[in-house]
A.B. asks: 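Input: one structure, supplied below.
Predicted model, so just to flag it, every value in this text is computed and none were measured. For ligands, and for the atoms within them, numbers begin at 1 and follow the listed sequence.
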Amino acid sequence: MGLPSFAIGNVQIDCGIFQAPMAGVSDLPFRILCTEAGAGVTAMEMVSAKAVCFHNAKTLDLIQTAPEEKTVSLQLFGHEPEIIAEALEILEPQRFDILDLNMGCPVHKIVANGEGSALMRDPALIERIVAAAAGATSRPVTVKLRKGFDEEHVNVVECALAAESGGAAAVCVHGRTRPQMYSGSADWSCIRDTVQALHIPVIGNGDITDGESAVRMLEETGCAGIMVGRACQGAPWIFTQIRAMLENGRTVERPSNREIIRLILRHASMLCSLKGEYSAMPQMRKHVSWYLAGFPGAAKLRRDVNEVSTLAELEALLTRAFPYAAGGRNL
Ligand SMILES: Cc1cc2nc3c(=O)[nH]c(=O)nc-3n(C[C@H](O)[C@H](O)[C@H](O)COP(=O)(O)O)c2cc1C
């Protein structure tokens with residue numbers, strides 16, 4: 001079938017396999033591992049446009065990229081066109097290739113503020129926000145949408161058309177409504193409907209878990225590119241598997257436990273260098289729990305990992321549990 005390739009505005013996407021933006025997950029070391037595994041586009045954790053305008057240090061800390069990242073997108077959330085434009089003027093000197101607007105977040109705090117998926121109740125506002133963003137940044141603007149605000153308001157096509165009129169260069173559609181959060185199965189027919197209605201590329205998202213489902217998403221919806229979320233948590237190698245399937249129909253095995261331990265320790269070591277051990281290790285615990293899925297004794301190990309507060313302790317714990325992977329970080 002070949003790798004999906006297309007352009008988002010002036011940005012050429014040679015490998016249209018996107019790592020989904022995931023707050024609390026898609027930190028810089030994780031994105032480096034996803035890139036190494038074969039993701040064509042990586043996405044930073046979402047940031048608030050208002051917080052950028054206030055020069056909030058924690059927010060600005062999230063906006064870091066690595067030279068290894070091929071094409072990286074920065075996602076903003078907000079509901080005021082002028083605040084989004086102001087944030088983009090502040091962000092203009094930063095490195096990012098694509099500016100993504102979050103119009104799908106289902107979290108109560110965000111929706112109550114009229115942001116994220118709440119914007120899908122007002123397609124005219126979507127158009128104004130996209131136009132303001134497109135006028136304020138030199139990067140192509142994309143919009144991430146859901147199927148609809150709820151089952152009574154399935155209007156992704158209308159919202160996507162509004163985004164296109166506002167100047168969006170692509171949209172991503174997650175085939176679930178806001179109350180579904182991440183439960184149930186994603187409805188890909190709304191992605192197909194959006195592909196058919198728009199002239200700009202559409203990226204399909206929801207329930208891609210392996211090479212086969214990636215192929216199905218592309219075939220069933222006609223989408224230009226695909227985006228993988230939860231399935232890459234603790235499993236960046238899924239991008240290798242999807243790539244191999246798309247490039248030549250090849251199935252690639254999950255890495256060995258030894259290789260996964262090595263990956264965990266690299267991830268932890270990079271995160272510690274970036275943030276310092278004190279902040280990095282608590283954040284690393286959830287990554288480790290995801291990486292350990294399918295390992296023998298994973299339940300006990302996850303409990304033990306929650307007690308770990310240094311990289312050396314993590315390495316010692318994993319080495320004790322899996323002596324064959326001893327010295328994992330330097331393997
Ligand atoms: C922990 C977590 C955090 C997420 N954070 C964001 C976010 O910040 N911005 C966003 O647009 N979507 C976010 N999402 C949604 C994902 O990008 C994606 O749309 C969703 O998980 C469906 O794709 P999947 O079935 O491949 O997981 C998040 C999802 C999860 C599970």
Side-chain angles (χ1 to χ4, degrees), residues 16-28 30-31 34 39 41-49 51-52 59 62-63 72-79 96 98-111 113 115-120 126 129 133 141-148 156 159-160 163 168 170-188 190-191 194 202-214 216-218 221 223 225-236 238-239 241-242 283 285-287 289-290 293:
I17 311 174
F18 291 60
Q19 165 250 306
M22 286 186 285
V25 180
S26 48
D27 52 50
L28 182 56
F30 176 71
R31 301 199 310 269
C34 290
V41 182
T42 44
M44 291 181 242
E45 299 176 69
M46 71 172 184
V47 294
S48 149
V52 171
T59 298
L62 290 173
I63 307 171
V72 58
S73 84
L74 166 63
Q75 189 184 62
L76 284 182
F77 70 94
H79 68 289
F96 60 98
I98 295 169
L99 186 276
D100 188 38
L101 294 169
N102 182 321
M103 301 200 180
C105 181
V107 173
H108 177 73
K109 197 172 70 177
I110 304 277
V111 173
N113 226 10
E115 298 171 336
S117 58
L119 290 166
M120 294 191 69
I126 290 181
I129 290 175
V141 174
T142 60
V143 176
K144 187 153 174 291
L145 297 160
R146 279 183 174 248
K147 178 180 175 183
V156 63
C159 292
V171 298
C172 170
V173 179
H174 172 201
R176 285 188 179 82
T177 59
R178 176 196 52 88
Q180 283 182 293
M181 305 285 280
Y182 304 105
S183 66
S185 46
D187 170 6
W188 291 357
C190 68
I191 300 173
T194 311
V202 174
I203 297 137
N205 170 237
D207 295 350
I208 298 174
T209 53
D210 51 21
E212 288 78 8
S213 46
R216 265 202 326 275
M217 169 69 92
L218 287 160
T221 69
C223 61
I226 52 170
M227 181 180 279
V228 182
R230 290 159 300 165
C232 68
Q233 287 179 342
I238 190 176
F239 293 108
Q241 296 173 323
I242 292 177
Q283 194 178 324
R285 289 180 195 140
K286 59 180 181 230
H287 285 293
S289 306
W290 291 319

A.B. asks: Between Lys286 and Gly24 (side chain of the first, backbone of the second, donor and acceptor by atom type, cut-off under 3.5 Å), is there such a pair?
C.D. replies: yes
A.B. asks: Apply salt bridge (Lys or Arg N to Asp or Glu O under 4.0 Å) to Asp27 and list each qualifying residue two or more places apart in sequence or on a separate chain.
C.D. replies: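 By the salt bridge (Lys or Arg N to Asp or Glu O under 4.0 Å) rule, Asp27 matches no residue at all.
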A.B. asks: Heavy atom under 4.0 Å from ligand 1: found in His174's side chain, backbone, both, or neither?
C.D. replies: side chain
A.B. asks: Look at atom 29 (C) of ligand 1 and say which protein heavy atom is nearest, naming residue and atom and giving the distance to 0.1 Å.
C.D. replies: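 Going by distance alone, atom 29 (C) of ligand 1 is nearest to Tyr182 OH, 3.2 Å.
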A.B. asks: Could you tell me whether the side chain of Arg176 and the main chain of Ser183 form a donor-acceptor pair under 3.5 Å?
C.D. replies: yes
A.B. asks: Counting N and O atoms only, with roles assigned by atom type, does the side chain of Ser117 sit under 3.5 Å from a partner on the main chain of Cys105, one being a donor and the other an acceptor?
C.D. replies: yes
A.B. asks: To check your reading of the model: name the closest protein heavy atom to atom 4 (C) of ligand 1, its residue, and the distance in Å.
C.D. replies: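 Residue, atom and distance for the closest contact: Met22 CA, 3.4 Å.
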A.B. asks: Donor-acceptor check, side chain of Arg146 to backbone of Thr177, threshold 3.5 angstrom: yes or no?
C.D. replies: yes
A.B. asks: Please report whether ligand 1 has a polar contact with Gly229, defined as an N or O pair separated by less than 3.5 Å (distance criterion only).
C.D. replies: yes
A.B. asks: Which residue is it: Thr209, Asp207, Ile242, Asn205? I am looking for the one with a side chain to side chain contact (heavy atoms under 4.5 Å, CB included) to Val228.
C.D. replies: Ile242
A.B. asks: Locate the shortest heavy-atom distance separating Gly78 from Glu115; write the atom from each residue and the value.
C.D. replies: CA-OE2, 3.5 Å
A.B. asks: To check your reading of the model: name the closest protein heavy atom to atom 11 (O) of ligand 1, its residue, and the distance in Å.
C.D. replies: Gln75 NE2, 2.8 Å
A.B. asks: Considering both backbone and side-chain atoms of Pro21, is one of its nitrogen or oxygen atoms within less than 3.5 Å of a nitrogen or oxygen in ligand 1?
C.D. replies: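 It does: an N or O of Pro21 is found under 3.5 Å from an N or O of ligand 1.
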A.B. asks: Quick one: which of Arg230, Lys144, Met46 has a heavy atom closest to atom 27 (O) of ligand 1?
C.D. replies: Arg230
A.B. asks: Could you tell me which atoms of ligand 1, counted from 1 in the order shown, lie closer than 4.0 angstrom to a heavy atom of Ala20?
C.D. replies: 17 (O)
A.B. asks: Please work out whether any backbone atom (N, CA, C, O) or any side-chain heavy atom from C-beta onward of Glu45 is under 4.0 Å from ligand 1, and answer side chain, backbone, both or neither.
C.D. replies: neither
A.B. asks: Evaluate the side-chain proximity of Ile63 to Met44: yes if any heavy-atom separation is below 4.5 Å, no if none is.
C.D. replies: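 In contact.
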A.B. asks: Can you find an N or O of Ala23 that's nearer than 3.5 Å to an N or O of ligand 1?
C.D. replies: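 By distance alone, the answer is yes.
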A.B. asks: Report yes if Gln233 has an N/O atom closer than 3.5 Å to an N/O atom of ligand 1; otherwise report no.
C.D. replies: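 No; the residue has no nitrogen or oxygen that sits under 3.5 Å from a nitrogen or oxygen of the ligand.
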A.B. asks: Does only the side chain of Asn205 get under 4.0 Å from ligand 1, or the backbone, or both, or neither? Count heavy atoms.
C.D. replies: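 It is the side chain that touches ligand 1; the backbone stays farther off.
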A.B. asks: Are Gly104 and ligand 1 in contact, using a heavy-atom cut-off of under 4.0 Å?
C.D. replies: no
A.B. asks: Taking only heavy atoms of Asp207, which atoms of ligand 1 are found under 4.0 Å from at least one of them?
C.D. replies: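 Within the 4.0 Å cut-off of Asp207, ligand 1 contributes 24 (P), 25 (O), 26 (O).
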A.B. asks: Output yes when a side-chain donor or acceptor of Ser26 lies under 3.5 Å from a complementary backbone atom of Ala43, and no otherwise.
C.D. replies: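 Yes, Ser26 side chain to Ala43 backbone: donor-acceptor pair under 3.5 Å.
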